[in-house]
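The figures here come from the full heavy-atom set of this structure, side chains too, leaving out hydrogens, waters and symmetry mates. Convention: sequence-line order gives letters A, B, ...; per-chain numbering from 1. Note that the structure is a prediction, hence the values are computed from the model and not measured.
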Number of protein chains: 2
Amino acid sequence: MKRNEGERKSSWKQDPEGVKADILAVATSVFAESGFSGARIDEIIRRTKSSKRMIYYYFGDKSGLYAKVLEAAYARLRKGEGQLDLQALPPLDALAKLAAFTFDFHRENPEYIRLITIENIHHGKHLKQSETIPKLNSQIITGLEELCRRGIGEGTFREDVDPLELHWTISAFCVFNISNRATFSHLYGDDLFTDAGQERLRARLVSMVLDAVRAS
Amino acid sequence: MKRNEGERKSSWKQDPEGVKADILAVATSVFAESGFSGARIDEIIRRTKSSKRMIYYYFGDKSGLYAKVLEAAYARLRKGEGQLDLQALPPLDALAKLAAFTFDFHRENPEYIRLITIENIHHGKHLKQSETIPKLNSQIITGLEELCRRGIGEGTFREDVDPLELHWTISAFCVFNISNRATFSHLYGDDLFTDAGQERLRARLVSMVLDAVRAS
DNA sequence: TGACAAATTAACCTTTTGGTACATTCTGTT
DNA sequence: AACAGAATGTACCAAAAGGTTAATTTGTCA
């Protein structure tokens, strides 16, 4: 239903990377919006400049596409954290910065969190297919290990802090804030999801995390 | 493939409540297992003693069935909390008990948490259809308000504690522990999901929540 | 006991949906 | 310029999936 009266009837450029990126971007939105099973291949191609054929050409099938979408989501999430340069700050400050940043970053990128939530609904089966995702995610842990070592050495951190537990705690806060917003705000109002409410939650997260690691 | 050589060829008892309960129980499992869109009506009836028609007879359509399943899940979750009798304990102890109980209860009932997560993927649209769920959930907040009032009056709670924020915090911990287990344990190992790990997380939750409310 | 409503079964239907076959165009290489 | 292989568009398909129709059985009450 579009264009070209005078133009040539058929003409297209080859652009594999562009097509792949386009599909991936659209698929990210559609999967995040409707879940894996709820997402429709036809809906994805409709929003794309390409044709259905290309999805199967480049990604194999719906699961393959979802796996790539998920991979890209994890990559961007961890990439953000990686740029924080936590080594430059005193341990307690660095931890505070990490927690606050994670809170904001997840809030600014709800699609990625939704994709991870969706992946959990499906028992992580696509994640298991990925080679690259586990590597990405080990970075955050080694970063926290380093941070804890410094804090313990310095005497500001408890001796028994657990980097993994720390990551778990921060994730729990920041992920829940996105993943359960719909039901929570419907049941209890959206006071906590206004800008002011979110600032309070972020402050709460930071102080809780700091309290949890601080030497007594 | 069952029964009756010598028995009458066809014979069934009318049992509306039994049929409804059967369908609801099976649907709970199937929806929790596969999500809303991923769940198959045929799979549900297959595991049921009834026939497909009954789902539509009693629940209208797939969404109607899911709405009832979700309603039942919320009812059981809140029913547990309601039986805690928090008034009988000093505020700090009551809060600790609530947090620890919620942690355990969610852990023992992952299906309900999964259903809520699934509902969030679908933007809470089934929840909005329910009359009863919001009532159920207001109980926990009024309970916490009462608790906070006592704590503040007694001087053990900070003056500015927010019951809703408290509930949010406890929920975040306990829900994340279930809803993101698949991806988290795949990426970071399942140390935190062993019995010992879970006990540590529960202890962390309790101490964090207490620290957050305690007057300084 | 007979009639009427409620409950239930079994077979069927329509649309949707993920996926494919096949033809066509583009582009780098010789 | 011609060939080969990669990239893309179009039309199509078979199966799955939600939902429905129609007929049968069971319970109830006058």
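Side chain to side chain, B:S179 and A:N120 fail the donor-acceptor criterion of an N or O pair below 3.5 Å. Side-chain atoms of A:S130 and A:E71 include a donor-acceptor pair closer than 3.5 Å.
For the side chain to side chain donor-acceptor pair (under 3.5 Å) test, no residue two or more places apart in sequence or in another chain qualifies with B:Y66. With sequence neighbours excluded, no residue forms a salt bridge (charged side-chain N to carboxylate O under 4.0 Å, His left out) with A:K62. Legend: residues meeting ring pair (Phe, Tyr, Trp, His ring centres under 6.0 Å) with A:F105, ordered by chain and number and at least two apart, are A:F101. Here A:R53 pairs with nothing under the salt bridge (charged side-chain N to carboxylate O under 4.0 Å, His left out) rule; sequence neighbours left out. Here B:H106 pairs with nothing under the side chain to side chain donor-acceptor pair (under 3.5 Å) rule; sequence neighbours left out. Shown here are the side chain to side chain donor-acceptor pair (under 3.5 Å) partners of A:R107, two or more places apart in sequence or in another chain: A:D195, A:Q198. For A:R149, the salt bridge (charged side-chain N to carboxylate O under 4.0 Å, His left out) partners are A:E146, not counting sequence neighbours.
Interface residues of residues 51-65 of chain B facing DNA chain C, ordered by number: B:S51, B:R53, B:M54, B:Y57, B:Y58; criterion, heavy-atom separation under 4.0 Å. Applying a 4.0 Å cut-off to non-hydrogen atoms, the residues of residues 14-21 of chain A that approach DNA chain D are A:Q14, A:D15, A:P16, A:V19, listed by residue number. Taken residue by residue, residues 22-36 of chain A places no heavy atom nearer than 4.0 Å to DNA chain D. Residues from residues 37-48 of chain B placing a heavy atom under 4.0 Å of any atom in DNA chain C do not occur.
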>> Let's go through B:E43 and B:R46 carefully: what are the C-alpha distance in whole Å and the side-chain angles of both, what is the deciding distance for salt bridge (Lys or Arg N to Asp or Glu O under 4.0 Å) to 0.1 Å, and is it a yes or a no?
In response: CA-CA 5 Å; B:E43 167 76 3; B:R46 195 182 60 77; 3.3 Å; yes
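No close placement of the A:F31 and A:H126 rings is indicated, their centers lying 6.0 Å or farther apart.
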Sequence neighbours excluded and cut-off under 3.5 Å, please list the side-chain donor-acceptor pairs for residues 33-42 of chain A, or say none.
residue : atom : partner : partner atom : Å
A:R40   : NH1  : A:S37   : O            : 3.0
A:D42   : OD1  : A:K52   : NZ           : 3.1

